[in-house]
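Read through the structure below, which is laid out as structure tokens, and then see the notes.
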Amino acid sequence: MPIIQESESATQDPRWIELRVSRINLIISGVGVVFALAMLGLVPLSNWLRMLLATVFFVAFLWDLRLVLLKSSRSVNAFYLFDLDVADDPGKVMPQPAKLGIRVRYVRESGLLATNVSEGIILSGAFVSPWFTAVRYALPQDPAWRKWWPHIIPVWADSVAADAFRRLRVALKWK
């Protein structure tokens with residue numbers, strides 16, 4: 001008897017790009033805080049101000065570590081890009097319509113949202129290089145301040161499969 005409907009975990013959609021913890025990002029973050037603390041020792045400041053700044057640097061490092069290790073409830077676990085349908089309305093002129101959409105899956109559900117999958121659009125200005133790519137996107141329910149501070153998915157070469165990373169770079173560069 002054939003299976004009519006499989007569970008979501010049984011079917012693996014090849015479009016999803018699964019994210020892993022990046023060792024490159026961990027090393028850069030760790031070296032950055034050690035370097036900042038070493039430079040703080042060379043700056044002529046009072047001891048209490050040095051301790052305050054060292055505490056701020058270390059707390060910022062711990063916050064960044066939480067994001068790098070994908071421990072936040074809104075950390076992106078996987079995503080995929082898809083082509084958007086452009087309306088053929090000659091009366092409606094948009095400056096530069098979005099060509100790519102994004103569907104993101106979060107690590108775990110938030111208490112405010114009933115689902116852990118969101119859909120949005122890719123914004124222009126993505127950084128694409130052979131070792132790092134930054135995917136900028138916006139969701140329909142975003143507040144107005146997100147126009148200046150959009151969602152960003154940092155994708156390092158060691159955080160995704162090589163073929164998926166190549167497909168992502170090509171899609172962002174040429175669409």
Side-chain angles (χ1 to χ4, degrees), residues 6-37 54-84 98-173 175:
E6 294 180 342
S7 67
E8 184 178 340
S9 62
T11 60
Q12 292 295 331
D13 191 350
R15 297 178 297 178
W16 286 101
I17 299 172
E18 300 282 337
L19 292 174
R20 302 183 298 254
V21 175
S22 170
R23 284 180 263 143
I24 297 170
N25 199 356
L26 286 173
I27 291 169
I28 289 173
S29 296
V31 169
V33 75
V34 168
F35 185 72
L37 292 175
T55 304
V56 168
F57 289 158
F58 191 70
V59 168
F61 169 69
L62 292 178
W63 183 263
D64 188 44
L65 191 62
R66 176 179 164 264
L67 296 175
V68 169
L69 294 175
L70 306 174
K71 297 296 183 186
S72 171
S73 64
R74 300 304 287 174
S75 292
V76 175
N77 183 29
F79 68 96
Y80 70 84
L81 307 180
F82 57 91
D83 293 326
L84 291 176
K99 296 178 183 174
L100 285 173
I102 186 169
R103 184 166 288 142
V104 294
R105 186 171 58 209
Y106 300 104
V107 173
R108 58 181 174 257
E109 294 181 14
S110 172
L112 302 175
L113 300 174
T115 180
N116 67 343
V117 176
S118 295
E119 193 171 301
I121 60 168
I122 296 292
L123 301 174
S124 62
F127 179 80
V128 179
S129 72
W131 60 88
F132 176 75
T133 297
V135 180
R136 299 176 66 228
Y137 68 97
L139 300 173
Q141 69 271 15
D142 282 344
W145 59 268
R146 280 285 184 191
K147 182 167 68 171
W148 297 285
W149 196 282
H151 299 278
I152 297 175
I153 301 173
V155 183
W156 293 87
D158 68 336
S159 66
V160 297
D163 186 51
F165 191 55
R166 182 193 56 78
R167 284 186 287 125
L168 173 66
R169 290 189 338 241
V170 168
L172 290 174
K173 192 75 170 175
K175 292 189 179 187

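Computed from a predicted structure; not experimentally measured.
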- Derivation of the side chain to side chain contact (heavy atoms under 4.5 Å, CB included) call for Arg105 and Asn116: CA-CA 6 Å; Arg105 186 171 58 209; Asn116 67 343; 4.2 Å; yes
Can you tell me how far [atom2] of [Y] sits from [atom1] of [X], rounded to the nearest 0.5 angstrom?
X: Leu139; Y: Glu119; atom1: CG; atom2: CD; value: 9.5 Å
X: Leu123; Y: Leu100; atom1: CG; atom2: CG; value: 11.0 Å
X: Leu37; Y: Phe58; atom1: CG; atom2: CZ; value: 8.5 Å
X: Phe79; Y: Ile17; atom1: CZ; atom2: CD1; value: 4.0 Å
X: Leu65; Y: Leu26; atom1: CG; atom2: CG; value: 6.5 Å
X: Ser124; Y: Leu172; atom1: OG; atom2: CG; value: 11.5 Å

Heavy-atom pair of closest approach, residues [X] and [Y]:
X: Ile152; Y: Arg136; value: CG1-CG, 4.1 Å
X: Pro130; Y: Ala157; value: O-CB, 4.2 Å
X: Gly120; Y: Pro140; value: CA-CD, 4.3 Å
X: Val76; Y: Leu19; value: O-CD1, 3.4 Å
X: Ser118; Y: Gln141; value: OG-NE2, 4.2 Å

- Tyr137 and His151 aromatic ring geometry - parallel, tilted or perpendicular at 30°/60° bounds: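 Parallel: the ring planes of His151 and Tyr137 meet at under 30°.
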- Task: May I ask you to decide if Asp158's main-chain N or O and Arg20's side chain share a donor-acceptor pair within less than 3.5 Å?
- Result: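 Between the backbone of Asp158 and the side chain of Arg20 there is a qualifying donor-acceptor contact (under 3.5 Å).
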- Task: Would you check, one step at a time, whether the test side chain to side chain contact (heavy atoms under 4.5 Å, CB included) holds for Val160 with Leu168?
- Result: CA-CA 10 Å; Val160 297; Leu168 173 66; 6.0 Å; no
- Evaluate the criterion side chain to side chain contact (heavy atoms under 4.5 Å, CB included) for residue pair Ile153 and Val104; output intermediate values, then yes/no. CA-CA 10 Å; Ile153 301 173; Val104 294; 4.0 Å; yes
Return yes when atom [atom1] of [X] has more than 12 non-hydrogen atoms of other residues, nucleotides or ligands closer than 6.0 Å, and no otherwise.
X: Phe82; atom1: CZ; result: yes
X: Trp131; atom1: CH2; result: no
X: Trp63; atom1: CH2; result: no
X: Arg23; atom1: CZ; result: no

- Query: Heavy atoms, side chains only, cut-off 4.5 Å: are Trp156 and Val68 in contact?
  - Reply: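 A side-chain contact under 4.5 Å is absent here.
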- Message: Checking Phe165 now: which residues fulfil ring pair (Phe, Tyr, Trp, His ring centres under 6.0 Å) with it, not counting sequence neighbours?
- Response: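 None.
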